[in-house]
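Take a look at the structure set out below.
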Amino acid sequence: MIAGQIATLVPIGFLAGICNALVGGGTLFTFPTLLAAGLPPVLANTTTTVALWPGAMTSAFAYRAQLDPMRKELPPRIVVAIVGGLAGAILLLASGNAFFFYLVPWLLAVATLLFTFSPQIVKRSAELAHGRHRKTRLLVMEFLSAIYGGYFGAAVGILLLAGMAVSGEEDMQSTNAQRNFLVCFINGVAVLLFVGTGVVDWRVALIVMAGSIAGGYFGARVARRIPNPLLRLIITAAGAVFSVYYFVQAYG
């Protein structure tokens, strides 16, 4: 890999790590970049998942204090995250490059829309947070989110936040901590499968990983001063551009 590609992938990983720690959406940068670098669609997706997972771990570690009040509630949610993430990862490997290539623009478009309208989605979800069976609804939504996360991953945090809003969670620091924590398990089990089956480009993964680890910790600990509206605008614009580009590539 030439020096120019390395010089691109490290900053992209760093930016993705920051975005994932603060507002999510980092995959909307890394996945299209790896496609542009010449990786096949499935390999680009699996490599992105592996590369960004350590960054998610550093973000979760930085938010660990916010998880203390709810430790007793986490075990069933961890199981749901693992089972759903594994199911999604298996579906990805079974789908193959040809099918996944034509699905890519749709996934990018859906992820971009979810991300763009996440405040409204979470707000509407919070309005539904009444009545019985809140915990059951939360587990069902987190299971479906985990399947999506294991399969593609972009904007999975938005789905998790919506699920927590439905369950009545209102503390945004707490929900962000829970989101980062659960993503570690959703992506972690996918990483184990992808590594175990050898479907990872390690040259690319390690380069992006170096940036994402630093970006994830920086985002969780320091970069709260970066205006979230600015980050959201950048991610939305990138997602829209990439979606249009890959629609043209797939169907143009």
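Hydrogens, waters and symmetry mates play no part in the numbers below; they use all other heavy atoms, side chains included. All values reported here derive from a predicted model rather than from experimental measurement.
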When you look at OH of Tyr245, are more than 12 heavy atoms from neighbouring residues, nucleotides or ligands closer to it than 6.0 Å?
no
Are the ring centres of Tyr151 and Phe100 closer than 6.0 Å?
yes
Is it true that a side-chain atom of Asn187 and a backbone atom of Val50 form a donor plus acceptor pair closer than 3.5 Å?
no
Are any side-chain N or O atoms of Ser243 and backbone N or O atoms of Ala109, one a donor and one an acceptor, separated by less than 3.5 Å?
yes
Kindly assign one of parallel, tilted or perpendicular to the pair Phe218 and Phe14, based on the angle between their ring planes and the thresholds 30° and 60°.
tilted
Under 3.5 Å, side chain of Ser118 to main-chain N/O of Phe115, donor-acceptor pair present?
yes
Under 6.0 Å between the ring centres of Tyr102 and Tyr251?
yes
Would a distance-only check, ignoring hydrogens and angles, find a side-chain to backbone donor-acceptor pair under 3.5 Å from Thr46 to Leu43?
yes
Using the ring of each side chain (for Trp, its six-membered ring), is Tyr246 parallel, tilted or perpendicular to Phe242, with breaks at 30° and 60°?
tilted
Please check: side-chain N/O of Trp53 versus main-chain N/O of Cys184, any donor-acceptor pairing under 3.5 Å?
yes
Between Arg64 and Phe61, is there a donor-acceptor pair closer than 3.5 Å when you use the side chain of the first and the backbone of the second?
yes
Where is the tightest heavy-atom contact between Leu138 and Gly163, given as atom of each residue plus distance?
CD1-O, 3.3 Å
Looking just at side-chain N and O atoms, do Thr48 and Thr27 make a donor-acceptor pair shorter than 3.5 Å?
no
Hey, are the side chains of Leu182 and Glu142 touching, using non-hydrogen atoms and a 4.5 Å cut-off?
yes
